[in-house]
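Working notes, beginning with the structure itself.
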Amino acid sequence: MDHIVPPSLMFDYQLPIPRCELPATRKTGRLLSLPAGADLFLPASMNEGTGFASIGVGWNPDGLAFSFHIDGKPGPPTGRAGDLKTSDSILLWIDTRPSGNVHRATEYCHHFAALPRDEDHDNQPHVLVLPIAQQRDRKIESDPRRMLTRTHVTAAGYDFELWIPGTQLFGFRETSEIGRIGFYAVVQDSHLGDQPLSVDDRFPCSYDPSLWLPLELKS
């Protein structure tokens, strides 16, 4: 039975994320080394359904680190940048000036889609910069070529790592002083379905930053 108001929407959250090291410079192996405490509590776990993805987030004055672990997927990830709806992908929204009460994206809001494997790009990981509906303004055009990605296929799914330099996020330079960012994510899987960070697409999370969750930057 569906809840009129899902349990994940009944509470206020401020999720702490630890400071992390810069990404590795080696070409193989793990890109990121996230410390203990990087795994986020996923409010969606309070709703009906079983989750298949876990999310780790870390921060550094030079950027943001994300690690996604997908479990229970039959086979490696597949997809095409030209067909996101049927692709295995991870959608991310980031707000470098979260206020909690603004319902329209500002120039500090960013939206990305990350494909662990993109058939349009030699089956390599690929990041897209996407528009946000009704966004007031955009100060910079983020460059996916400056972002670092790495995919690791496992026996039961895959791990995906993403590093977004602060230079690709308008307003990020001051976030260490502000102490928080707004964040939302949806893991889309062609076999397992969609897993949101909190509420699902019955709510306008794709363009309303008041529904994104605050991440507290710990030192």
Side-chain angles (χ1 to χ4, degrees), residues 1-20 32 34-59 64-73 84-85 88-106 108-114 116 130 132-133 156-162 164 169 175 178-218:
M1 179 179 181
D2 291 338
H3 296 278
I4 296 176
V5 178
S8 62
L9 198 61
M10 295 180 181
F11 302 91
D12 291 328
Y13 307 93
Q14 185 148 321
L15 307 178
I17 60 171
R19 182 164 173 160
C20 66
L32 305 172
L34 294 182
D39 284 348
L40 290 183
F41 166 70
L42 305 182
S45 64
M46 304 170 63
N47 304 334
E48 295 180 3
T50 301
F52 56 86
S54 59
I55 304 174
V57 185
W59 79 280
L64 294 173
F66 300 93
S67 176
F68 298 86
H69 175 72
I70 284 71
D71 189 36
K73 180 174 180 59
L84 277 180
K85 288 186 178 181
D88 297 324
S89 62
I90 298 162
L91 307 178
L92 303 98
W93 292 262
I94 299 169
D95 184 357
T96 59
R97 291 293 186 280
S99 66
N101 57 7
V102 174
H103 298 280
R104 184 178 173 187
T106 69
Y108 298 102
C109 297
H110 309 78
H111 180 28
F112 307 107
L130 301 177
I132 301 175
Y158 67 92
D159 295 335
F160 178 72
E161 300 176 289
L162 170 65
I164 302 179
L169 298 167
T175 53
I178 296 170
R180 67 186 183 279
I181 62 170
F183 176 65
Y184 201 75
V186 178
V187 179
Q188 296 185 154
D189 190 274
S190 54
H191 291 91
L192 302 172
D194 292 355
Q195 181 180 324
L197 179 63
S198 179
V199 293
D200 58 27
D201 59 8
R202 290 174 295 175
F203 297 84
C205 299
S206 63
Y207 61 86
D208 184 347
S210 71
L211 293 169
W212 306 351
L213 302 186
L215 303 186
E216 181 184 2
L217 311 184
K218 307 298 289 187

| said: Any heavy-atom pair between the side chains of Ile164 and Ile94 that's under 4.5 Å? | reply: yes

| So which heavy atom on Leu64 is nearest to which on Ile181, and how close? | CD1-CD1, 3.7 Å

| said: Please enumerate all residues that pass salt bridge (Lys or Arg N to Asp or Glu O under 4.0 Å) together with Asp189, with sequence neighbours excluded. | reply: Lys73

| Close side-chain approach of Tyr184 and Val199, heavy atoms under 4.5 Å | yes

| What's the shortest heavy-atom distance between Cys20 and Gly58, and which atoms? | SG-C, 3.7 Å

| Taking only residues two or more places apart in sequence, or in another chain, which ones meet Asp200 in a salt bridge (Lys or Arg N to Asp or Glu O under 4.0 Å)? | Arg202

| task | Give, for atom OG of Ser206 and atom CH2 of Trp212, the distance between the pair rounded to the nearest 0.5 Å. | result | 9.0 Å

| side-chain contact (heavy atoms from CB on, under 4.5 Å) with Asp194: which residues, sequence neighbours excluded? | Val186, Gln188

| So, do Phe183 and Phe66 have ring centers that fall under 6.0 Å from each other? | yes

| remark: Shortest non-hydrogen pair, His103 vs Ser210, comes out as ND1-OG, 3.0 Å

| query | Can you check side-chain contact (heavy atoms from CB on, under 4.5 Å) on Val187 and Phe160, steps first, answer last? | reply | CA-CA 11 Å; Val187 179; Phe160 178 72; over 6 Å; no

| request: Could you tell me whether the side chain of Asp159 reaches within less than 4.5 Å of the side chain of Ile70, counting heavy atoms only? | output: no

| message | I need the Ser67 OG to Leu40 CG distance, nearest 0.5 Å. | response | 10.5 Å

| request: Look at the rings of His111 and Trp93 and say which category their plane angle falls in: under 30° parallel, 30 to 60° tilted, over 60° perpendicular. | output: parallel

| Leu34 to Val57 - nearest heavy-atom pair and separation | CD1-N, 4.1 Å

| Can you name the residues that form a ring pair (Phe, Tyr, Trp, His ring centres under 6.0 Å) with His69, not counting sequence neighbours? | none

| message | Counting C-beta onward and ignoring hydrogens, is there a side-chain heavy-atom pair between Pro196 and Cys205 closer than 4.5 Å? | response | no

| Looking only at atom types and distance, does a side-chain atom of Trp59 sit under 3.5 Å from a main-chain N or O of Lys218, one as donor and one as acceptor? | yes

| Taking the side chain as C-beta and beyond, is there a heavy-atom pair between Leu197 and Leu42 under 4.5 Å? | yes

| query | Is the backbone of Phe52 close enough, under 3.5 Å, to the side chain of Gln195 for a donor and an acceptor to pair up by distance? | reply | yes

| CG-NE2 distance between Asp95 and His110, expressed to the nearest 0.5 angstrom | 8.5 Å

| message | Looking at every heavy atom in both Ala105 and Ile132, which two are closest together, and how far apart are they? | response | CB-CG2, 3.7 Å

| field | Any donor-acceptor N/O pair, Glu161 side chain to Leu32 backbone, under 3.5 Å | value | yes

| Those residues that, when tested against Phe112, pass ring pair (Phe, Tyr, Trp, His ring centres under 6.0 Å) (two or more places apart) | none

| field | Shortest non-hydrogen contact from Pro209 toward Val102 | value | CG-O, 3.3 Å

| task | Using the side-chain contact (heavy atoms from CB on, under 4.5 Å) rule, take Ser198 and Phe203 through it: C-alpha gap first, then chi angles, then the decisive distance, then the call. | result | CA-CA 10 Å; Ser198 179; Phe203 297 84; over 6 Å; no

| request: Just jot down the salt bridge (Lys or Arg N to Asp or Glu O under 4.0 Å) partners of Arg97, sequence neighbours excluded, or say none. | output: Glu174

